[in-house]
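The structure presented is a predicted model; accordingly, all values stated were derived computationally and were not measured. We name chains A, B, ... by the order of the sequence lines, and we start the count at 1 in each one.
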There are 2 protein chains.
Amino acid sequence: MKSRISNWTDIQTFLAVYREGSTLAASRLLGLAQPTVARRIEILEHHLNLPLFERDTRGFHPTGHARALLATAEAVEAAITDLEKEASGLASPGPIRITAYSANFSPRVKKIFNEFTTGHPGVRLEFLPGMKMLDLEKGEADIALRLTRTPPPADLICRKISTAQYALFGSRTYSAKHGLPDSLDDLAGHSFVTFEREDVSKVMHSWLLDHVAPEQIALSFSEFELMHAAIQSGMGLGILNLKLVEQDTDLVRCCDPIEELSAEHLMLISKQAYKRPEVRQFTKFFAPRYTALFKDET
Amino acid sequence: MKSRISNWTDIQTFLAVYREGSTLAASRLLGLAQPTVARRIEILEHHLNLPLFERDTRGFHPTGHARALLATAEAVEAAITDLEKEASGLASPGPIRITAYSANFSPRVKKIFNEFTTGHPGVRLEFLPGMKMLDLEKGEADIALRLTRTPPPADLICRKISTAQYALFGSRTYSAKHGLPDSLDDLAGHSFVTFEREDVSKVMHSWLLDHVAPEQIALSFSEFELMHAAIQSGMGLGILNLKLVEQDTDLVRCCDPIEELSAEHLMLISKQAYKRPEVRQFTKFFAPRYTALFKDET
DNA sequence: ATACGGCTCTTCATTTCTGTAGAGCAACAC
DNA sequence: GTGTTGCTCTACAGAAATGAAGAGCCGTAT
């Protein structure tokens with residue numbers, strides 16, 4: 001029972017011999033001398049109190065016990081590899097990669113980034129604007145600012161920023177020509193623009209299809225900015241985020257916020273990234289300031 | 001990037017220093033000299049190219065990097081512990097623990113066990129008879145012979161033995177006094193015995209309640225053997241396994257096998273146990289012979 | 001039949017690691 | 001103030017692990 005492995009590295013040796021089939025080949029793999037490898041296996045066998053290999057003039061052949069332990073030994077190796085990877089990430093840290101819909105990188109938000117960078121000159125930030133949902137868990141980004149209607153994966157760190165609300169908007173130009181609807185029951189006869197793209201959630205587009213006739217949809221865009229611009233130029237009515245356009249006096253809201261389109265506005269951080277001290281610092285600095293932007297000023 | 005950890009044991013040292021807060025305390029924990037511990041940390045820091053501790057006249061204090069690596073380092077430690085545990089299990093193997101319903105340990109089955117034990121004198125078998133479902137994944141047993149109507153957990157090794165069929169049986173004594181029903185439509189006026197217990201599936205008991213009136217149930221047992229004996233002594237009709245009673249000329253089947261009670265007869269082996277060579281050997285020996293017992297002899 | 005390649009062992013000098021001992025520093029109790 | 005405790009270092013001698021070299025075994029190709 002008192003079979004403690006005194007030298008963890010011996011497991012590496014074990015794996016090398018198991019895979020190569022001989023201590024000589026293993027020694028080349030490990031950059032050691034052959035007797036060293038043989039001795040280490042001997043020591044390991046002694047510690048575990050198990051014969052691991054049958055010696056033979058043409059090599060070391062794993063016993064049933066060795067086969068039984070292989071998977072677990074490989075788990076140790078994998079854990080070591082993880083550690084090395086993580087350490088090398090810490091040693092030469094890449095920038096903190098932040099993904100968000102382009103409009104989230106507004107002047108007021110950029111100001112927060114700048115303040116942080118000023119206070120932490122060593123830390124670089126990288127921005128990945130776009131509608132596409134990058135996979136934080138796969139390491140495609142470190143932090144995401146997202147509007148989502150589904151609960152986020154459990155293994156992401158998550159801070160709630162606000163609840164985003166949506167409504168139909170039209171520009172004053174449009175209003176002058178066609179007037180604006182008063183409510184959602186009054187949409188007949190109006191024109192609409194929409195946003196639709198394969199790799200992005202279609203919730204808003206679907207909502208529109210449910211409430212207006214297909215022929216009312218004047219234009220469909222695959223870039224959100226283009227749709228936004230189209231609404232501004234008076235080409236039709238469209239769904240926009242209340243906070244996003246609250247500064248834009250040219251756009252007029254045509255209805256109450258559409259509750260079924262409301263989304264959680266979250267700041268998501270991958271667990272892996274959150275281990276990095278800079279990412280922690282950044283989060284601590286950024287989250288409250290960013291949240292404050294979305295607080296209703298009374 | 002070329003930051004390979006040359007000595008895996010250094011991670012143990014790292015954890016000890018992290019936990020104890022000083023190289024001196026860590027050295028006591030590890031049974032090493034204090035300078036050795038300090039040197040190993042130095043080496044590790046050099047390999048990882050990361051400062052892990054801030055030195056101070058009253059101890060080693062972890063840096064942010066050390067904190068970031070802690071969880072992963074502990075994963076390595078856990079993997080090592082697993083390996084040690086598994087090895088110590090292989091070194092001093094306990095018996096192969098086999099759980100099954102008591103009647104499964106019939107003379108014909110015991111004969112197979114005996115043949116195996118004769119051929120493998122070093123391997124001990126332990127029998128855990130009972131209706132209760134022991135949890136193989138928790139290590140309560142190594143092998144289970146089971147009748148089940150639900151698919152088994154994916155991480156058990158599973159061999160199908162047969163499909164068990166059930167029907168109503170009555171003894172000749174009972175038959176002489178009250179006659180026997182011809183089919184399931186003919187159950188009125190007969191008495192029944194049943195088996196019911198908290199920790200065991202109630203499928204058969206429920207079936208009976210669905211097909212006969214409550215007052216027809218003469219007796220309810222919490223031991224399967226007692227119910228079996230009650231049927232044999234003519235106290236009532238009851239549901240029994242066809243294979244179990246095929247040798248018993250005193251019992252008469254009253255209906256066709258009840259399809260909705262059919263169950264998969266499985267041999268289940270925990271993955272953990274299956275790593276042990278003896279368990280593999282036993283399975284290879286036992287499974288085909290056991291299966292043969294349930295083949296219909298034409 | 002012989003030579004070669006690939007392997008395991010053993011031996012021994014050498015490198016590397018480890019432990020002991022002691023100096024020095026800071027915090028704390030008295 | 002002084003003594004004590006707990007810690008980090010450095011220096012050096014002894015212990016342990018390592019590598020180089022060589023003997024020997026076996027299967028195979030020539």
**Student:** Could you check how far CZ of B/R39 sits from C1' of D/dC12, rounded to whole Å?
**Tutor:**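 Rounded to the whole Å, the gap is 11 Å.
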**Student:** Quick check on DNA chain D: between A/T57 and A/I43, whose nearest nucleotide comes earlier from the 5' end?
**Tutor:**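 Final value for this comparison: A/I43.
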**Student:** For DNA chain C, determine which residues of residues 16-26 of chain A have any heavy atom closer than 4.0 angstrom to one of its atoms, and list them numerically.
**Tutor:**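 The stretch gives A/S22, A/T23, A/L24 as the residues lying under 4.0 Å from the strand, ordered by number.
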**Student:** Taking DNA chain D as the partner, which of residues 30-38 of chain B come within under 4.0 angstrom of it by heavy atom?
**Tutor:**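 Here the set is B/Q34, B/P35.
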**Student:** Strictly distance-based, threshold 3.5 Å: is any side-chain N or O of B/R58 a donor or acceptor partner for the main-chain N or O of B/D56?
**Tutor:**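 Side chain of B/R58 to backbone of B/D56, a donor-acceptor pair under 3.5 Å: no, none is there.
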**Student:** For the ring pair B/F60 and B/Y18, is the centre-to-centre distance below 6.0 Å?
**Tutor:**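 No - the distance between ring centres of B/F60 and B/Y18 does not fall below the 6.0 Å cut-off.
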**Student:** Checking side-chain hydrogen bond (donor to acceptor under 3.5 Å, both in side chains) against B/T72, which of A/E86, A/K85, A/Q272 comes through?
**Tutor:**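 For B/T72, the side-chain hydrogen bond (donor to acceptor under 3.5 Å, both in side chains) check succeeds only for A/E86.
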**Student:** Specify the separation, in whole Å, of atom CZ of B/F60 and atom P of D/dC7.
**Tutor:**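 From B/F60 CZ to D/dC7 P: 12 Å.
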**Student:** Find the distance A/E42:CD to D/dA16:P and express it as a whole number of Å.
**Tutor:**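 Those two atoms, CD and P, are 16 Å apart.
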**Student:** A/F285 ring centre to A/R289 NZ or CZ under 6.0 Å, with the angle to the axis within 45°?
**Tutor:**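 Here A/R289 passes the 6.0 Å and 45° test against A/F285.
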**Student:** What I'd like to find out is whether the side chain of B/M267 reaches to under 4.5 Å of the side chain of B/C158, using heavy atoms alone.
**Tutor:**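 Side-chain contact under 4.5 Å: no.
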**Student:** Without decimals, in angstroms, what is the distance between B/D56 CG and D/dC7 P?
**Tutor:**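 So the two atoms are 12 Å apart, to the nearest Å.
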**Student:** Cation-pi check for A/Y274 against A/R280: NZ or CZ below 6.0 Å from the six-membered ring centre and within 45 degrees of the axis, yes or no?
**Tutor:**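 Positive - A/R280 is close enough to the ring of A/Y274 and near enough to its axis.
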**Student:** Charged N to carboxylate O below 4.0 Å: is that the case for B/K271 and B/D155?
**Tutor:**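 Salt bridge between B/K271 and B/D155, a charged N being under 4.0 Å from a carboxylate O: no.
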**Student:** When you compare the side chain of B/L69 with that of A/L90, does any pair of heavy atoms fall below 4.5 Å?
**Tutor:**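 Yes. Closest side-chain heavy atoms under 4.5 Å.
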**Student:** Please examine the side chains of A/V123 and A/I96, heavy atoms only from C-beta on, and report whether any two atoms are closer than 4.5 Å.
**Tutor:**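 In contact.
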**Student:** Below 4.5 Å, heavy atoms only, C-beta onward: do A/L156 and A/S270 meet side chain to side chain?
**Tutor:**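 When only atoms from C-beta onward are counted, A/S270 and A/L156 do touch, with a gap below 4.5 Å.
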**Student:** Taking CZ from A/R55 and P from D/dC26, how many angstroms apart are they, rounded to a whole number?
**Tutor:**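 After rounding, the gap between these two atoms is 17 Å.
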**Student:** Send over the distance from B/N7 CG to D/dA16 C1', rounded to a whole Å.
**Tutor:**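 Taking atom C1' of D/dA16 as the reference, CG of B/N7 is at 14 Å.
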**Student:** May I ask you to check whether A/F294 and A/Y290 place their ring centres under 6.0 Å from each other?
**Tutor:**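 Between A/F294 and A/Y290, which both carry aromatic rings, the centre distance is below 6.0 Å.
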**Student:** What is the 5' to 3' range of DNA chain C, first to last nucleotide, that sits under 4.0 Å from any heavy atom of chain A?
**Tutor:**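 In short, chain A contacts DNA chain C from C/dG6 to C/dT10.
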**Student:** Should B/R28 be listed as having a side-chain N or O under 4.0 Å from OP1 or OP2 of D/dG6?
**Tutor:**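 So the side-chain polar atoms of B/R28 never come under 4.0 Å of the phosphate oxygens OP1 or OP2 of D/dG6.
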